[in-house]
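This one's a predicted model, so the numbers in the text were calculated from it and none came from an experiment. Every chain is numbered from 1 and lettered A, B, ... according to where its sequence line falls, protein lines coming before strand lines.
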2 protein chains.
Amino acid sequence: MKTLEKILENNKVKPTAMRLLVLQFILRKKTALSLSQLENYFDNADRTTIYRTIKTFVEKGLVHQIDDGTGVTKYALCEENCECEIETDLHLHFHCTKCEETTCLTEHKIPQINLPEGFIAENINLVVKGICDKCSTS
Amino acid sequence: MKTLEKILENNKVKPTAMRLLVLQFILRKKTALSLSQLENYFDNADRTTIYRTIKTFVEKGLVHQIDDGTGVTKYALCEENCECEIETDLHLHFHCTKCEETTCLTEHKIPQINLPEGFIAENINLVVKGICDKCSTS
DNA sequence: ATAAGTATTGCAACAATAGTGCATTAACTG
DNA sequence: CAGTTAATGCACTATTGTTGCAATACTTAT
């Protein structure tokens, strides 16, 4: 069990108070979260600080950015040794239309995609929308 | 060769001047386009009218909406008898990072995706980013 | 310990996109 | 032609994402 400080230091991010709080919040949440969720939670903190905190986390490879098709960028913790940017490691994301939560399905890699002649793939984003496990059983 | 009016009428959209112009523009473009592209092209037309025109087209199944990961919604013509909303008909979209155009790869269907227990898929969005055929050969 | 430099934070803006409410105009129907 | 319905234009508003700059806090060399 690593401390929050350790996690930040391992990713070469200086552990400031705000960063520790944001990291703690992300760690607790199982699903991906948006900037506005963070803003609401830390309602006495500055919007810009949260924005830049999360940007730092993304740059340093602590969290990855998710475009789940809602028009709002979501963020979720990277797995250890996660190589989000490498094509073969790309997993798919699930957005529940009922609870509106976005989940990383890290075990579900994106299948091989064939493109027409001349098209060169650099990055793939696959988002499935529907009802998540929690919502389908309740 | 259908007239513009016919296309609109077939989709139960009243053919107004603006709608005909917008449809003509969409038909000419091979790639998906954004609202701001339409706004720039019809620079003397009202933004709201264009906005509502395209919304009408989406509702009536004339065009489909594409989330290409740029944060800006794109629109492209549906194929004849296109059933965009039906899972089996979903094709993938390609966004070129060089020319920034988004293309429908209608021939490339989305492969079967396996989800964990309890997850129910309703819709799938697959966007590949990279270099398109035109940009890779020039 | 202190001065100088660097990193972080907070505040105030701005821009783009998406969307709504309402009045006006155009089109359609009896 | 009057009355109704649909479409348009204008004026806003909200949200998200983003930047510039000043104020603080943190580090490091002297």
Nearest-neighbour nucleotide for the [X] side chain, [options] considered:
X: B:Arg47; options: C:dC28, D:dC12, D:dT8; value: D:dC12
X: A:Leu35; options: C:dG19, D:dG17, C:dG10; value: D:dG17
X: B:Thr73; options: C:dT9, D:dT16, C:dA18; value: C:dA18
X: A:Val72; options: C:dG19, C:dT9, D:dG17; value: D:dG17
X: B:Tyr51; options: D:dA7, C:dA13, C:dT20; value: C:dT20

Exercise for review: Taking A:His93 for its side chain and A:Asp67 for its backbone only, find out whether a donor-acceptor pair lies under 3.5 Å.
Suggested key: no

Review point. Judged by atom type as modelled, is there a donor-acceptor pair below 3.5 Å linking the side chain of A:Thr97 to the main-chain atoms of A:Gly130?
Key: yes

Between [X] ([atom1]) and [N] ([atom2]), how many Å, whole number?
X: A:Asp68; N: D:dT16; atom1: CG; atom2: P; value: 12 Å
X: B:Phe42; N: D:dG9; atom1: CZ; atom2: C1'; value: 17 Å
X: B:Glu39; N: D:dG9; atom1: CD; atom2: P; value: 13 Å
X: A:Asp67; N: D:dT16; atom1: CG; atom2: P; value: 14 Å
X: A:Met18; N: D:dC26; atom1: CE; atom2: P; value: 15 Å
X: A:Arg52; N: D:dT24; atom1: CZ; atom2: C1'; value: 14 Å
X: B:Leu8; N: D:dA6; atom1: CG; atom2: P; value: 17 Å
X: A:Asp46; N: C:dC11; atom1: CG; atom2: P; value: 6 Å

Compare side-chain N and O positions of [X] against OP1 and OP2 of [N] and report whether any pair is under 4.0 Å apart.
X: A:Ser34; N: D:dT16; answer: no
X: A:Thr16; N: C:dA7; answer: no
X: B:Arg19; N: D:dA7; answer: yes
X: A:Thr48; N: C:dT9; answer: no

Review point. Can you list the steps and then say if B:Glu122 with A:Lys98 is a salt bridge (Lys or Arg N to Asp or Glu O under 4.0 Å)?
Key: CA-CA 12 Å; B:Glu122 285 170 352; A:Lys98 198 172 169 192; over 6 Å; no

Review point. Is the gap between the ring centers of B:Phe57 and B:Tyr75 under 6.0 Å?
Key: no

Review point. Any idea how A:Phe25 and A:Phe42 line up, ring-wise: parallel (<30°), tilted (30 to 60°), or perpendicular (>60°)?
Key: perpendicular

